[in-house]
Amino acid sequence: MAIQIVTICGSIRPGNYTSMALALVNDEFRRAADIELNTIDLDAVDLPFPGRPAKSKKVEEFREAVSAATGVVLATPEYHGSFSSLTKLAIENLGFPSVLAGKPMALLGVAAGQIGAIKSLEHLRSVCSHVGALVLPALVSVARVQDVFDESGKCLDAQAEKRIRSVATTLLDYIHGSICPKVILEAMMRAPAA
Ligand SMILES: Cc1cc2nc3c(=O)[nH]c(=O)nc-3n(C[C@H](O)[C@H](O)[C@H](O)COP(=O)(O)O)c2cc1C
């Protein structure tokens, strides 16, 4: 059974750097065996505010994709000292109680400033933990992102690229070490006796 990974980008700004960083994470997932990767384009989902009707089935499909995921990556830009409102709106559209509950989650933050996305990641960790997600301790923050990627999305900093790619490997290591053994054990227990 393939491991289902969902990655979500919290910026829809044209030419945004968060999706450039997340593209490296997605590439790392694609290199791994037995992974089904679902990259969510929040621009296409067109999330409503809570209480407003969904404009299409894509909102329900987004929730179902996250619900079915083995693990989730959430990438956010740092906007005004926190994570983006779009990132929060994505979380708010994932249900109350949230389908993120019990899911291993890896967080990636991207900032123009030199202190990086530390504040957005700490705030995001708090919210994701609040809804019950199992947020992995290794948060990855990219500082001065405009020096890390060129405008075409090419990464110019080998060390930063390694750290960004580790978002994928850390999540997969956790899933292989802590989730897969339980799934395999349960399948063995449920299998009819020979
Ligand atoms: C509304 C807004 C607020 C921002 N606030 C901050 C900030 O507080 N700290 C910071 O380092 N960069 C800030 N930035 C710059 C972003 O971190 C920068 O655009 C970076 O590339 C990540 O955003 P992006 O994925 O949309 O490109 C802000 C950008 C916008 C559009």
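When a ligand or atom number is given, it counts from 1 through the structure's own listing order. The figures here come from the full heavy-atom set of this structure, side chains too, leaving out hydrogens, waters and symmetry mates.
- Looking at atom 15 (C) of ligand 1, its nearest protein heavy atom turns out to be A112 CB, 3.7 Å.
- Nearest heavy atom pair, residue V45 against residue V59, reads O-CG2, 3.7 Å.
- Close contacts of ligand 1 with V145, meaning ligand atoms under 4.0 Å from a residue heavy atom, involve 20 (C), 21 (O).
- The aromatic rings of Y17 and F149 lie tilted to each other, with the angle between the two planes from 30° to 60°.
- Remark: minimum distance from atom 21 (O) of ligand 1 to any protein heavy atom is reached at Y17 CD1, 3.2 Å.
- A donor and an acceptor atom, one from each side chain of S19 and N16, are located under 3.5 Å apart.
- For ligand 1, the atoms closer than 4.0 angstrom to any heavy atom of A111 are 11 (O), 17 (O).
- Between the side chain of R63 and the backbone N or O of N93, at least one donor-acceptor pair lies under 3.5 Å.
- Contact atoms of ligand 1 toward S11: 24 (P), 25 (O), 26 (O) (distance under 4.0 Å to a heavy atom of the residue).
- Looking only at protein heavy atoms, the nearest one to atom 16 (C) of ligand 1 is E78 O, 3.5 Å.
- Considering backbone and side-chain atoms together, G81 places an N or O closer than 3.5 Å to an N or O of ligand 1.
- Closest protein heavy atom to atom 2 (C) of ligand 1: Y79 CD2, 3.6 Å.
- The closest side-chain heavy-atom distance from I8 to V72 is below 4.5 Å.
- By the criterion of a heavy-atom distance under 4.0 Å, both the backbone and the side chain of H80 are placed next to ligand 1.
- Taking each heavy atom of G102 and L134 in turn, the nearest pair found is O-CD1, 3.6 Å.
- In the model, N26 has a side-chain atom that pairs as donor or acceptor with a side-chain atom of T7 under 3.5 Å.
- Atom 27 (O) of ligand 1 has its closest protein heavy atom at R13 NH2, 2.7 Å.
- No side-chain N or O of S11 forms a donor-acceptor pair with one of T18 less than 3.5 Å apart.
- Which parts of ligand 1 touch T18 is read off a 4.0 Å heavy-atom cut-off, strictly below it: atoms 24 (P), 25 (O).
- Heavy-atom contacts of P77 reach the following atoms of ligand 1: 22 (C), 23 (O), 24 (P), 25 (O) (cutoff under 4.0 Å).
- If you number the atoms of ligand 1 from 1 as listed, the ones under 4.0 Å from a heavy atom of G113 come out as 10 (C), 11 (O).
- A donor-acceptor pair is defined here as one N or O able to donate and one able to accept, closer than 3.5 Å; no such pair exists between the side chain of R144 and the backbone of A111.
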